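Read the structure below first, then the notes.
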Amino acid sequence: MLTIGFIGAGNMAKAMMQGWAGNADIHQVVYSPNSGAQVAAELGLEAKQSALDVWAESDMVVLAMPPAQLEAVAKDLQLGIMMKPSVIVASVLGGVSLATLHAAFGEHVMVARTLPNVNVALKYGYTALAFDANMDQDVKGAIAALFLELGRTDELPEEQFGAVSALAGSGPAFVAAFAEAMTQAGIQAGIAPDTAARLAEQTVVGTARHMGDLKKDPMTLAHEVMTPGGSTAAGWEALEQGNLNGLVADAIQATMKKNAEFE
Ligand SMILES: NC(=O)C1=CN([C@@H]2O[C@H](COP(=O)(O)OP(=O)(O)OC[C@H]3O[C@@H](n4cnc5c(N)ncnc54)[C@H](OP(=O)(O)O)[C@@H]3O)[C@@H](O)[C@H]2O)C=CC1
Ligand SMILES: O=C(O)[C@@H]1CCC=N1
């Protein structure tokens with residue numbers, strides 16, 4: 001039995017807990033100052049009274065609090081690090097590098113930097129992974145296997161984490177924004193709000209599955225939909241004139257800039 005302990009019980013932590021729930025070989029425990037007990041009760045996990053209690057019981061501790069809480073949490077864990085240095089730290093803290101994690105936890109603690117997205121809740125997530133240069137291959141493999149259970153993973157250089165965070169970490173919010181824009185446009189065109197929302201959602205879900213399951217890149221699929229001289233082409237032209245690509249690039253840049261503030 002492997003015990004995974006969470007420090008923080010917010011949206012990201014809950015998505016990971018849901019993703020690993022049901023794996024009979026994983027026991028999950030959680031500490032969060034306000035919502036820990038409630039989240040544990042909701043998801044059937046064990047609530048702990050402190051971050052130190054989580055450390056004492058865990059094989060791997062997931063740091064899932066706001067990045068600004070890193071120092072405070074590391075201070076709370078000092079005794080645990082001394083008493084049980086074998087615990088692996090898997091940080092999901094956006095923008096926080098391996099070097100910063102080691103500065104907080106010490107050089108001897110085994111640390112992985114992970115960047116999951118909320119879709120791990122349904123095992124359809126994406127997680128970027130970066131490991132200590134000297135981390136044992138077996139430990140790396142074990143961590144990668146845990147995240148692979150939650151969707152796709154890649155080991156990537158840390159320099160790329162800012163861009164990856166914007167695309168894949170923040171990405172579900174941006175794709176949701178497109179669905180919301182379609183819903184609003186549908187309402188403006190006279191469709192009832194809940195029908196418009198359902199059409200937008202089914203179209204986003206179906207399109208994602210179409211590209212993924214049938215292995216089509218976005219432009220191949222787009223051209224299949226765009227009958228030459230037809231209506232989709234007219235809408236596509238409006239997207240180009242409104243510079244959709246430029247707008248998305250601006251959103252990614254703004255996201256990366258904010259992320260870099262934590263480095
Ligand atoms: N949301 C996402 O899609 C992604 C988030 N991340 C990263 O995950 C982390 C959490 O983000 P997210 O879940 O969105 O944020 P939330 O605001 O939803 O959750 C933050 C959680 O941290 C807890 N917390 C705050 N201070 C402490 C502390 N000192 N000790 C222990 N727990 C604490 C909060 O406690 P309480 O509820 O008890 O008040 C809350 O449960 C961030 O570092 C973020 O960068 C990374 C990738 C994607
Ligand atoms: O918005 C954030 O800061 C976090 C990091 C990636 C997704 N959510």
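Whatever order the structure lists them in is the order used to number ligands and atoms, beginning at 1. No experiment lies behind these values; they were computed from the predicted model shown.
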Discussion item. I'd like to check whether Ala72 has a polar contact with ligand 1, where a contact means an N/O of the residue lying under 3.5 Å from an N/O of the ligand.
Written reply: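 So ligand 1 has no N or O lying under 3.5 Å from an N or O of Ala72.
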Discussion item. Heavy-atom distances under 4.0 Å decide this one: backbone, side chain, both or neither, for Asp76 against ligand 1?
Written reply: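 The answer is neither; Asp76 stays 4.0 Å or more away.
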Near [X], which atoms of ligand 1 are under 4.0 Å from a heavy atom of that residue?
| X | value |
| --- | --- |
| Pro116 | 47 (C), 48 (C) |
| Gly10 | 13 (O), 16 (P), 18 (O), 19 (O), 21 (C), 40 (C), 41 (O) |
| Val118 | 3 (O) |
| Pro67 | 42 (C), 43 (O) |
| Ser35 | 36 (P), 37 (O), 38 (O), 41 (O) |
| Ile7 | 31 (C) |
| Met65 | 9 (C), 10 (C), 22 (O), 24 (N), 27 (C), 32 (N), 33 (C), 42 (C), 43 (O) |

Worksheet item: atom 4 (C) of ligand 2: protein heavy atom closer than 4.0 Å?
Response: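 Neighbour list for atom 4 (C) of ligand 2 is empty of protein heavy atoms (cut-off 4.0 Å).
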Which is closest to [atom] in terms of heavy atoms, [options]?
| atom | options | value |
| --- | --- | --- |
| atom 26 (N) of ligand 1 | Lys14, Met12, Gln69 | Gln69 |
| atom 22 (O) of ligand 1 | Pro172, Ala173, Pro66 | Pro66 |
| atom 7 (C) of ligand 2 | Pro66, Ala166, Ser165, Gly169 | Gly169 |

Worksheet item: Nearest protein heavy atom to atom 1 (O) of ligand 2, by residue and atom, and its distance?
Response: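 For this ligand atom, the closest protein heavy atom is Ser170 OG, 4.8 Å.
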Worksheet item: What do you reckon, does Val92 put a non-hydrogen atom under 4.0 Å from ligand 1?
Response: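 Yes, Val92 has a heavy atom closer than 4.0 Å to ligand 1.
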Discussion item. Ring centroids only, cut at 6.0 angstrom: are Phe147 and Trp20 within range, meaning strictly under it?
Written reply: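 Aromatic pair counts; centres sit under 6.0 Å.
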Worksheet item: Is there a donor-acceptor contact under 3.5 Å linking the side chains of Gln188 and Gln184?
Response: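 Gln184 and Gln188 do not have a side-chain donor-acceptor pair below 3.5 Å.
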